[in-house]
**Q** 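Sending over a structure as structure tokens; questions will come in a sec.
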Amino acid sequence: MSTPPRPGSIARILEAPARATPDREALVGDGRRFTFAELDHEVARAAGALAALGIGPGDRVAASLPNGPDIVVAFLATMRRGGLWLGIPRPLASPEKAWILADAGAALFLADEAGAAQIAPHRADLPALRHLVEAPGRSDGWAARIRACPPQTDRGPDDPHAAAAIAYTSGTTGRPKGAVHTHHNLLLPGTVQRFTGGTSEDARIGVMLPLTILNLMVLGPLVSLQTGGCCVTIDRSDAPGLAACIEQERVTTFATVP
């Protein structure tokens with residue numbers, strides 16, 4: 001297998017595979033399937049939707065979404081806009097979510113219906129939060145905004161040392177603290193996998209642990225996109241359902257807790 005050029009930033013991660021293997025399956029989940037070319041186009045449209053919301057370089061984009069294509073597309077679109085990604089675990093209580101949004105200065109919060117309802121009463125305490133958008137949402141939701149916006153043709157910044165995402169600590173000894181990660185940090189595991197042959201383009205990496213955790217976004221979608229494989233997003237943890245998904249989608253590897 002020939003090794004494609006290494007992207008300088010996550011914003012450019014789809015450039016080489018969308019050109020070299022456009023019809024290869026890249027992302028699966030929630031009943032939807034994207035080839036590399038289709039995913040590249042969807043991310044461009046999502047970046048256009050973020051632009052329409054006024055999201056640009058340095059803006060914090062927070063998301064509290066189930067595992068599926070929506071959260072992966074939103075993450076990659078944020079990278080194309082030069083923003084900083086912030087995943088917020090869905091099980092957190094509303095005061096915990098609101099505190100992290102305030103501390104990070106999030107400009108946009110993408111959430112499922114329950115998450116949006118949790119944060120709505122806290123809007124007065126979140127002056128930096130310009131938009132609260134449901135995904136997929138109703139007529140003004142995330143999916144509708146993507147459909148309504150033209151794609152962003154610019155693939156975005158290519159600085160490997162620019163800030164890309166914020167991961168909050170568990171806060172077991174106090175308030176959680178935001179740790180900033182660069183594009184280089186987040187791309188390094190996939191780069192190692194590519195050059196050591198740890199993952200091949202035939203791999204189908206299943207992700208059933210929450211993609212709101214930055215580490216899972218790195219070891220799932222980013223590794224699979226860098227190595228030319230397919231990421232299978234799984235939004236269930238019951239044994240029968242997980243086994244059925246593994247069989248149906250021919251998952252070759254996945255990580256979970258005991």
Side-chain angles (χ1 to χ4, degrees), residues 9-11 46-47 49-67 70-135 137 141-142 145 156-157 159-188 209-222:
S9 75
I10 301 167
L50 291 180
L53 289 168
I55 300 299
D59 282 332
R60 276 71 164 162
V61 175
S64 186
L65 298 172
N67 281 12
D70 282 335
I71 191 169
V72 178
V73 168
F75 170 80
L76 295 174
T78 300
M79 300 299 102
R80 290 202 187 185
R81 293 298 302 159
L84 273 73
W85 176 259
L86 170 61
I88 298 183
R90 296 163 70 200
L92 291 182
S94 56
E96 294 172 310
K97 289 179 179 174
W99 189 89
I100 292 176
L101 288 170
D103 186 68
L108 167 64
F109 184 40
L110 293 171
D112 57 13
E113 184 177 2
Q118 278 185 304
I119 293 303
H122 296 274
R123 289 296 297 273
D125 301 321
L126 300 170
L129 188 63
R130 305 197 298 269
H131 304 285
L132 173 58
V133 179
E134 283 190 32
W142 180 235
R145 291 176 182 275
D159 179 3
H161 300 297
I166 305 173
Y168 271 78
T169 61
S170 62
T172 52
T173 58
R175 290 286 194 182
K177 300 172 180 64
V180 179
H181 293 260
T182 66
H183 289 264
H184 176 272
N185 288 15
L186 304 185
L187 288 171
L188 187 58
L209 295 174
L211 283 167
T212 50
I213 299 173
L214 185 59
N215 187 45
L216 272 298
M217 188 68 77
V218 170
L219 298 179
L222 290 189

**Q** So which heavy atom on P157 is nearest to which on A11, and how close?
**A**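 Answer, listing the atom of P157 first, then A11: O-CB, 3.4 Å.
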**Q** Using the test side chain to side chain contact (heavy atoms under 4.5 Å, CB included), find all partners of I55 that sit at least two apart in sequence or belong to another chain.
**A**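 With sequence neighbours excluded, I55 shows a side chain to side chain contact (heavy atoms under 4.5 Å, CB included) to L50, L53, D59, V61, A107, L108, R130, given in chain and number order.
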**Q** Testing the basics here: between R81 and A51, what is the closest heavy-atom pair and its distance to 0.1 Å?
**A**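 Minimum heavy-atom separation between R81 and A51: CZ-CB, 3.6 Å.
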**Q** Give me the atom names and distance for the closest heavy-atom approach of V180 to A163.
**A**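 Reported closest heavy-atom pair: CG1-CB, 3.6 Å.
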**Q** Measuring from H161:NE2 to S9:OG, what's the distance to the nearest 0.5 Å?
**A**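 Reported value, rounded in 0.5 Å steps: 11.5 Å.
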**Q** For the residue pair L65 and A135, what are the closest heavy atoms and their distance?
**A**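 Of all heavy-atom pairs spanning L65 and A135, the closest is CD2-CB, 3.6 Å.
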**Q** First locate atom CD of E134, then atom CZ of F109, and finally report the distance between them rounded to the nearest 0.5 Å.
**A**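 Spacing of CD (E134) from CZ (F109) equals 10.5 Å.
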**Q** Which pair of non-hydrogen atoms, one from G178 and one from I166, has the smallest distance, and what is that distance?
**A**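 Looking at all heavy atoms of both residues, the closest pair is CA-CG2, 3.7 Å.
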**Q** With a 4.5 Å heavy-atom cut-off, do L76 and I10 have their side chains touching?
**A**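 A side-chain contact under 4.5 Å exists here.
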**Q** The test is side-chain contact (heavy atoms from CB on, under 4.5 Å); show your working for Y168 and D103 and say whether it passes.
**A** CA-CA 10 Å; Y168 271 78; D103 186 68; 2.6 Å; yes
**Q** Give, for atom CD1 of I119 and atom CG of L129, the distance between the pair rounded to the nearest 0.5 Å.
**A**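 Separation between the atoms: 8.0 Å.
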**Q** Looking at OG1 of T169 and CZ of R175, how far apart are the two atoms once the value is rounded to the nearest 0.5 Å?
**A**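 Answer rounded to 0.5 Å: 11.5 Å.
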**Q** Once rounded to the nearest 0.5 Å, what's the spacing between atom CG of L209 and atom CG of L216?
**A**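 Spacing of CG (L209) from CG (L216) equals 5.0 Å.
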**Q** Which atom pairs, one a donor and one an acceptor, fall under 3.5 Å between side chains of residues 82-97 and the rest of the protein, sequence neighbours left out?
**A**
from : atom 1 : to   : atom 2 : distance (Å)
R90  : NE     : D112 : OD2    : 3.3
R90  : NH2    : D112 : OD2    : 3.4
E96  : OE1    : A93  : N      : 2.8
K97  : NZ     : R90  : O      : 3.0
K97  : NZ     : Q118 : OE1    : 2.5

**Q** If I take atom NE2 from residue H181 and atom CE from residue M217, how far apart are they, to the nearest 0.5 angstrom?
**A**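 Between H181 NE2 and M217 CE, I get 13.5 Å after rounding to 0.5 Å.
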**Q** Are the side chains of N185 and V218 in contact, using a 4.5 Å heavy-atom criterion?
**A**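 A side-chain contact is absent here, since even the closest heavy-atom pair is not under 4.5 Å.
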**Q** Can you give me the closest heavy-atom contact between R60 and G105, atom names plus distance?
**A**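 Looks like CB-O, 4.0 Å.
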